[in-house]
Amino acid sequence: MYGYVRPVKGELKVAEFERFQGVYCGLCHELARRYGFLSRFLVNYDFTFLAMLLAEDEPADLCPRRCPAHPFRKRACLESCRSLTLAADMTVVLGWWKLADGARDGQFPASLGCRLACLALKRAYGKAAARRPDFAATVRNDLAALQTLERDKCPSLDAAADKFASILRSISGCVADPVRQRAAGELLYALGRIIYILDAADDLAEDIEKDRYNPLRYRFRPVDGKLAPEDEKLLRTSLQHSHNALVSAYALMGENAYTGILSNTIYLGLPAATQAVFAGTWNASAKIHRKRSNL
Amino acid sequence: MNDPYSVLGVSPSASDEEVKKAYRDLARKYHPDNYHDNPLADLASEKMKEINEAYDTITKSREQGGASSYSYGGSAYQSAGQSRGASGSAQYVRIRNLINANDLAQAEAMLNAISNHDAEWYYLMGSVYWRRGWMDQAGQYYRTAATMDPGNPEYRNAVQYMNQGGQAYRPAGGMGMDMMGGDAACNMCQNLICADCCCEAMGGNLIPCIGCR
């Protein structure tokens, strides 16, 4: 989806890295199993994180599997389980709406690609929306509200971020335990706000150039596609507060089989992604990361 | 009550030192300062209570006289509206109570019904946004409140807290990065010193109570 939510690989233990890769591959297999080959292309780090965050006392066994991306050597994959199923359903719903968004707002070659992908995934989306009707309704309504805000050139950063953050928060409804559910809701809201703002900061120069909506254009007054240093400080401080809220909520989630990877992602991965976005090196580093880890 | 050892995450055969260390780390994690005006503050304080009780039970049962006398408390902590110089009208007091009870929709509706926007109005609106996770908007309202009434310590503290980036638990050992491009461990010391100054201003002292533990 966005890819900002990922662990810092160098700080993972070897066993943790294998486990992380197992969840990523497991999610990809789960997508194929439930929604067909094409939906595999929607697999992403953010929902890999979600699958790990929402995992409860389910078995976390890995089994070797082959797949089109790795046809010669089998990879350890997490077996289908409740949290993978959940993550796969949500991936298809949100992924499809994001493509629909791209088809509507994008410029010519990209928008056509999104439209074709949308068509190809229509059946998969229908299935996923039927399985998670509440989530699909939330995504539809909140993205429509976001579209209205965008059209009105909403100057409130928080109001715009709120729509995306609310979508993520709604996922906490799947958590049974009431304490965990409240904590997950706050965690996911803060995470959604961080993702939305990082995405806005990352795209700022391009959005200005192509005259697209970006909340930072109207909240601050960027010059030459960049925020003034004092505005950037203000923005990053507000991200810090969201990160604090996320960390405080995470402390109340309790531990599970993925705690090491989740902690790495939260305490190190998110700050590192933020650092890279504001240094303007995110896109480059994301590419290197993909190549190196061969995920 | 749950088994005190499993609450602290140590085995019954753990040494006093290990128990103390586990207790300290958990107390640091769920410390009320990490849940400043946070909608989950009630859950954290329950957790804190559980940890304190577990630690007390263990130290008492091990009969290490005196060692049980310290535990992290939340007494120095006050949340948004309570007692912290609530000067305003009866209506503002009610709004503060709603905010503290996390009834943000009702608090916002009452604030929106007030047409005269004074400094306290901006401060309380900022508190509503803050708890909702609208950190940017909250900062703007806090700053407006502090500009309108520069002498008010409550508004000034809110702006200061906003600007210095707040505080949250970070595990010990190499996980000290923050979103502002600095080192969180460094900020933590700063926050501690800041909090100590605040405490001292109110007649308490924070750093020695942690230092001796």
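Hydrogens, waters and symmetry mates play no part in the numbers below; they use all other heavy atoms, side chains included. Since the model is a prediction, treat every value here as computed from it, not as a measurement. Letters go in sequence order (proteins before strands), and every chain restarts at 1.
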### Nearest-0.5 Å distance, CG of residue A:Asp158 to CE of residue B:Met135
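Nearest 0.5 Å value for the CG-CE distance: 8.5 Å.
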### All side-chain hydrogen bond (donor to acceptor under 3.5 Å, both in side chains) counterparts of B:Asp103, not counting sequence neighbours
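Not a single residue meets the side-chain hydrogen bond (donor to acceptor under 3.5 Å, both in side chains) criterion with B:Asp103.
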### Message
In this structure, is the centre-to-centre distance between the rings of B:Tyr161 and B:His36 below 6.0 Å?
### Response
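B:His36 vs B:Tyr161: aromatic centres under 6.0 Å.
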### Task
Would you please indicate yes or no on a ring centroid separation below 6.0 angstrom for A:Trp282 and A:Tyr4?
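When the ring centroids of A:Tyr4 and A:Trp282 are compared, they turn out to be within the sub-6.0 Å range.
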Using a strict cut-off of less than 4.0 Å between a Lys/Arg side-chain nitrogen and an Asp/Glu carboxylate oxygen, indicate whether [X] and [Y] qualify as a salt bridge.
{"X": "B:Asp42", "Y": "A:Arg182", "answer": "yes"}
{"X": "A:Glu18", "Y": "A:Lys13", "answer": "no"}
{"X": "B:Arg96", "Y": "B:Glu154", "answer": "yes"}

### Query
Taking only heavy atoms into account, what residues of residues 190-208 of chain A are found under 4.5 Å from chain B?
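Only A:Arg193, A:Ile194 of residues 190-208 of chain A have a heavy atom under 4.5 Å from chain B.
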### Query
Are there residues of residues 169-181 of chain A that reach to under 4.5 Å of chain B by heavy atoms, and which ones?
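Within residues 169-181 of chain A, the residues that come under 4.5 Å of chain B (heavy atoms only) are A:Val179.
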### Query
Looking at A:Ser156, A:Ala273, A:Ala245, which has the largest count of heavy-atom pairs under 4.5 Å with chain B?
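Looking at each of A:Ser156, A:Ala273, A:Ala245 in turn, A:Ser156 comes out on top.
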### Query
Side chains of A:Tyr250 and A:Ser263: donor-acceptor distance under 3.5 Å anywhere?
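Yes.
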### Query
Does a donor on one side chain sit under 3.5 Å from an acceptor on the other, for A:Asn44 and A:Tyr24?
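On atom types as modelled, these side chains do not qualify, holding no pair under 3.5 Å.
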### Message
If I measure from the heavy atoms of chain A, does B:Gln140 come under 4.5 Å with its side chain, its backbone, both, or neither?
### Response
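It is the side chain, since no backbone atom gets that close.
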Where on [X] is there a heavy atom nearer than 4.5 Å to chain B: the side chain, the backbone, both, or neither?
{"X": "A:Ala159", "value": "both"}
{"X": "A:Ser238", "value": "both"}
{"X": "A:Ala279", "value": "neither"}

### Message
By the definition ring-ring contact (aromatic ring centres under 6.0 Å, His included), identify the one residue from B:Tyr155, B:Tyr123, B:Tyr129 that meets it with B:Tyr142.
### Response
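Filter result, single survivor: B:Tyr123.
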### Message
Does anything in residues 132-142 of chain B form a salt bridge (charged side-chain N to carboxylate O under 4.0 Å, His left out)? List the pairs, not counting sequence neighbours.
### Response
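Residue pairs with at least one partner in residues 132-142 of chain B: A:Arg219-B:Asp136, B:Glu108-B:Arg132.
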### Task
Mark yes or no: A:Lys153 above the aromatic ring of A:Tyr213, with NZ or CZ under 6.0 Å from the six-membered ring centre and no more than 45 degrees from the axis.
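No cation-pi geometry.
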